[in-house]
Amino acid sequence: MRTIDYVIRYVADLDRSIRFYRDVVGLRFKLRGVGYAEFETGPVRFGLFERSKVPELVGREAGVPGPDGEVAILVHDVDAEARRLREAGVDILTGPVDRPWGHRTLHLADPDGLIVELAQEIPRADREGPPAR
């Protein structure tokens, strides 16, 4: 069996992104190293790595950042999160909205423009077949 151990996002400004994921999204900060930060997110670790240090890590520049995917974070009450975020002045891109695959979601962008989804599990509308995203 193969298991995902961690997901790392390359970011332009590590301090700014730590503040976003800790203070806006609400992830619990775990550790910081040289060019790297990590949050407590259960069995799959979530980290941030300074984009300027990517050549030291992999021997070449990282690709151009853009909203080519998302990180989904499960929350207990997506509507409460939406209220909290709006009160904090955060721009919510979409939602909250119920999805047929069994999530109530809202989307926002992190400081690098990468998409973050906050999702609450709800009953699936379509119990047959994979989710159509």
Side-chain angles (χ1 to χ4, degrees):
M1 181 171 108
R2 296 179 189 263
T3 303
I4 294 176
D5 184 34
Y6 58 84
V7 173
I8 297 175
R9 287 199 135 169
Y10 298 153
V11 299
D13 183 325
L14 188 60
D15 291 325
R16 179 181 70 178
S17 292
I18 288 171
R19 286 190 303 273
F20 175 80
Y21 284 98
R22 182 192 62 211
D23 302 340
V24 175
V25 175
L27 297 181
R28 178 176 280 157
F29 184 75
K30 181 177 180 181
L31 63 90
R32 183 181 179 143
V34 177
Y36 178 77
E38 191 172 297
F39 297 86
E40 293 182 18
T41 55
V44 178
R45 294 179 288 165
F46 178 69
L48 305 172
F49 193 76
E50 283 183 52
R51 183 172 285 283
S52 66
K53 296 191 176 296
V54 170
E56 298 169 29
L57 180 69
V58 299
R60 65 184 180 97
E61 296 288 326
V64 176
D68 58 352
E70 65 184 49
V71 169
I73 299 166
L74 291 177
V75 299
H76 292 291
D77 184 341
V78 80
D79 292 288
E81 291 294 323
R83 285 189 298 275
R84 180 184 68 81
L85 292 168
R86 285 189 182 105
E87 288 171 5
V90 175
D91 183 30
I92 295 175
L93 302 175
T94 64
V97 62
D98 291 347
R99 306 294 184 174
W101 54 85
H103 283 158
R104 181 164 175 77
T105 67
L106 69 82
H107 291 88
L108 56 148
D110 78 1
D112 289 283
L114 302 171
I115 304 302
V116 176
E117 175 185 280
L118 299 184
Q120 172 185 344
E121 293 181 331
I122 61 172
R124 283 183 65 148
D126 172 36
R127 296 218 177 259
E128 296 182 24
R133 282 192 165 196

> Looking at CZ of Arg51 and CG of Asp13, how far apart are the two atoms once the value is rounded to the nearest 0.5 Å?
Replying inline: 12.5 Å

>> Any carboxylate oxygen within less than 4.0 angstrom of a Lys/Arg side-chain nitrogen, looking at Arg84 and Glu87?
In response: no

> How close do Arg9 and Phe46 get, heavy atom to heavy atom, and via which atoms?
Replying inline: CG-CE1, 4.0 Å

>> Arg104: which residues meet the side-chain hydrogen bond (donor to acceptor under 3.5 Å, both in side chains) condition with it, sequence neighbours left out?
In response: Asp79, Asp98

>> Applying ring-ring contact (aromatic ring centres under 6.0 Å, His included), can you list everything that pairs with Phe49, at least two apart in sequence or on another chain?
In response: none

> If you round to the nearest 0.5 Å, how far is OH of Tyr10 from CG of Leu114?
Replying inline: 12.5 Å

> What closest approach, in Å, do Pro96 and Val78 show between heavy atoms, and which atom pair accounts for it?
Replying inline: CB-CG1, 4.0 Å

> So, for Lys53 and Gly35, which heavy atoms are closest and what is the spacing to 0.1 Å?
Replying inline: CD-CA, 3.7 Å

> What is the distance from atom CZ of Phe39 to atom CD1 of Ile18, rounded to the nearest 0.5 Å?
Replying inline: 6.0 Å

> Rounded to the nearest 0.5 Å, how far does CD of Glu38 lie from CZ of Arg28?
Replying inline: 14.0 Å

>> Is there a side chain to side chain contact (heavy atoms under 4.5 Å, CB included) between Phe20 and Val116? Walk through the geometry before answering.
In response: CA-CA 11 Å; Phe20 175 80; Val116 176; 4.0 Å; yes

>> Check for me, please, whether Phe29 and Ile73 land in the same ILVMFWY cluster - side-chain distances under 4.5 Å, paths through other members count.
In response: yes

> Does the pair Glu117 and His103 meet the rule for a side chain to side chain contact (heavy atoms under 4.5 Å, CB included), with working shown?
Replying inline: CA-CA 10 Å; Glu117 175 185 280; His103 283 158; 4.3 Å; yes

> Of the non-hydrogen atoms in Ile8 and Tyr36, which two are nearest, and what is the gap between them?
Replying inline: CD1-CE1, 3.9 Å

> For Tyr6, which residues count as a side-chain hydrogen bond (donor to acceptor under 3.5 Å, both in side chains) partner, sequence neighbours excluded?
Replying inline: none

> How many angstroms lie between NE2 in His107 and CG in Leu118, if you round to the nearest 0.5 Å?
Replying inline: 9.0 Å

> With sequence neighbours excluded, what pairs up with Arg45 under the side-chain hydrogen bond (donor to acceptor under 3.5 Å, both in side chains) test?
Replying inline: Asp5

> Side chains of Leu106 and Leu85: closer than 4.5 Å at any heavy-atom pair?
Replying inline: yes

> Rounded to the nearest 0.5 Å, how far apart are CD of Glu70 and CG of Leu108?
Replying inline: 10.5 Å

>> Using the side-chain hydrogen bond (donor to acceptor under 3.5 Å, both in side chains) criterion, which residues pair with Ser52? Sequence neighbours excluded.
In response: none

> Among pairs that include at least one residue of residues 14-26, which meet salt bridge (charged side-chain N to carboxylate O under 4.0 Å, His left out), considering only residues two or more places apart or in two chains?
Replying inline: Asp15-Arg32, Arg16-Asp112

